[in-house]
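Count residues from 1 along the sequence.
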Amino acid sequence: MTETDNGFPQVGGDLLQAAQRCLAEADPLRKVALTRHFAARFRAGGLRVDEAAPPPAPIRMPGRPPTPALVHPRDLPRRGLGSVSGRAAFIHAIAHIELNAIDLAWDAVYRFRGLPGSFHADWVSCADDESRHFLLLRERLLAHGHDYGDFDAHNGLWEMCEKTAHDGLARMALVPRVLEARGLDVTPAMIAKLRALGDGATAEVLEVILREEVAHVAAGSRWYRWYCARAGVAPRARFKELLREYAGGYLHGPFNIEARLLAGFDEDELADLVEQAG
């Protein structure tokens, strides 16, 4: 791939190459810029999946900057939102999730083949949204005297991506509908707390993210059920099995029932989640 005059890589009309390029980019701001560029080209009809493309390469760690250091979640210090540094650490954690989510969306575009064009449209759109979320959060980090990379982070989202690289059904079940859906549960309380602390600007950013993440989880629900229909399996029963197999430690209540219903969960599934979370 060569660089064009405007600084973006030349990928022809190949959506899979564009996804690979975004995944490989280590600089966060460059990853965001590439994502927004290729998403715009895709919307304009300039990128398509090459049906003769070779099978996807084995999954590996996407491009990442030297910082933040990635540590086990239990090694991340707990910081209250009452201080400026505590709020900065919180914003940093959410920004890290959004940066990971860009790669999660691009990996879905790149890795899973033989799918309708609307699958690619959903996940390119998600990558574009996540890139915008990262920029909004970075603005709030800068306003708190910090930047991305100033705090340690963990790698849980990408680790689940690796575990489900072999199976699009499992990926749709566990990444959007478990890990990303967790944000639907915890964000409303964080918004209320930030407003109570006088940080309305950060609360407004989280409100934007919450509203748009409902649509992202809904895309996961939609494609999870598509995969189940294609495989001839019962969605509810298979979801319970996948939760037991992969995600027991990720389930924590209480759940945002209203948001999860909007995101494609049904009442029986939510009852199962409550039961499995203990």
Side-chain angles (χ1 to χ4, degrees), residues 15-16 18-20 22-23 42 47-60 62 100-130 156-184 212-248 250-251 255 259-273 275-276:
L15 178 63
L16 301 182
Q20 282 184 293
C22 292
L23 284 162
F42 177 80
L47 292 174
R48 292 182 173 82
V49 173
D50 179 2
E51 300 300 335
I59 195 166
R60 61 184 180 88
N100 270 267
I102 297 171
D103 288 323
L104 297 174
W106 279 124
D107 189 74
V109 170
Y110 170 73
R111 189 156 307 283
F112 302 117
R113 308 292 171 87
L115 294 147
S118 51
F119 178 89
H120 305 116
D122 277 343
W123 297 112
V124 171
S125 177
C126 285
D128 197 25
D129 286 348
E130 308 293 14
L157 275 171
W158 189 255
E159 287 169 358
M160 184 65 81
C161 195
E162 292 175 332
K163 290 176 183 176
T164 57
H166 65 291
D167 184 357
L169 187 154
R171 172 72 66 81
M172 294 297 110
L174 295 165
V175 173
R177 304 188 89 229
V178 175
L179 301 190
E180 294 187 80
R182 183 65 184 145
L184 306 183
E212 296 182 356
E213 291 295 343
V214 169
H216 300 174
V217 178
S221 294
R222 184 163 56 252
W223 290 108
Y224 169 66
R225 292 196 171 90
W226 183 91
Y227 269 108
C228 287
R230 187 174 73 168
V233 300
R236 181 185 175 196
R238 184 63 182 135
F239 191 51
K240 289 179 73 173
E241 292 170 355
L242 290 166
L243 289 173
R244 285 194 296 269
E245 184 176 353
Y246 289 95
Y250 292 98
L251 290 181
F255 300 102
R260 283 178 177 261
L261 288 170
L262 289 172
F265 287 80
D266 63 38
E267 292 181 355
D268 289 336
E269 284 179 315
L270 290 172
D272 289 340
L273 283 178
E275 179 184 350
Q276 289 189 244

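Looking at E267 and R260, their side chains never come closer than 4.5 Å, going by heavy atoms from C-beta outward. Contact of the W106 side chain with the L15 side chain is registered, since non-hydrogen atoms from C-beta on lie closer than 4.5 Å. Within the 4.5 Å cutoff, the side chain of L179 has no heavy atoms near those of the L174 side chain. Using a 4.5 Å cut-off on side-chain heavy atoms (C-beta onward), E130 and E180 make contact. D272 is not listed as a side-chain neighbour of F265, based on a closest heavy-atom distance of 4.5 Å or more. Using a 4.5 Å cut-off on side-chain heavy atoms (C-beta onward), L115 and V49 make no contact. The shortest distance between side-chain heavy atoms of R182 and L251 does not fall below 4.5 Å. Between H120 and L47 there is no side-chain heavy-atom pair separated by less than 4.5 Å.
Closest heavy-atom contact between W123 and P176: CH2-CG, 3.8 Å. Contact record, W226 with P116: CZ2-CD, 3.6 Å, taken as the closest heavy-atom pair. For the pair D107 and C161, the tightest heavy-atom approach, listed with the atom from each and the gap, is OD2-SG, 3.7 Å. Considering every non-hydrogen atom in both A263 and V214, the closest pair reads CB-O, 3.6 Å. Summarising the geometry of F112 relative to T164, their closest heavy-atom pair is CZ-O, 3.9 Å, with the distance given to 0.1 Å. The two residues C126 and H216 have their closest heavy-atom pair at SG-CD2, 3.4 Å.
For R60, the CZ atom is loosely surrounded, since the number of other residues' heavy atoms within 6.0 Å does not exceed 12.
At distances below 3.5 Å, at least one donor-acceptor pair connects side-chain atoms of R111 with backbone N or O atoms of A57. Remark: the backbone N or O of E162 is not paired with any side-chain donor or acceptor of R171 at under 3.5 angstrom. The closest donor-acceptor contact from the side chain of Y224 to the backbone of P235 lies under 3.5 Å. Judged purely by atom type and a 3.5 angstrom limit, R244 has no side-chain atom pairing as donor or acceptor with the backbone of Q276.
D103 and W158 share no donor-acceptor pair across their side chains, judged by distance under 3.5 Å alone.
By the 4.0 Å N-to-carboxylate-O rule, R238 lies close enough to E241 to be salt-bridged with it. Between E269 and R177 there is a salt bridge, since at least one side-chain N of the basic residue sits less than 4.0 Å from a carboxylate O of the acidic one.
Atom CG of L273 sits about 5.5 Å away from atom CZ of F239, to the nearest 0.5 Å. Within the model, atoms CE of M160 and CG of N100 stand 13.0 Å from one another, a figure rounded to the nearest 0.5 Å.
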Report the C-alpha distance between R236 and D266 in whole Å, list the side-chain angles of each, state the deciding distance to 0.1 Å, and finish with yes or no for salt bridge (charged side-chain N to carboxylate O under 4.0 Å, His left out). CA-CA 9 Å; R236 181 185 175 196; D266 63 38; 5.9 Å; no
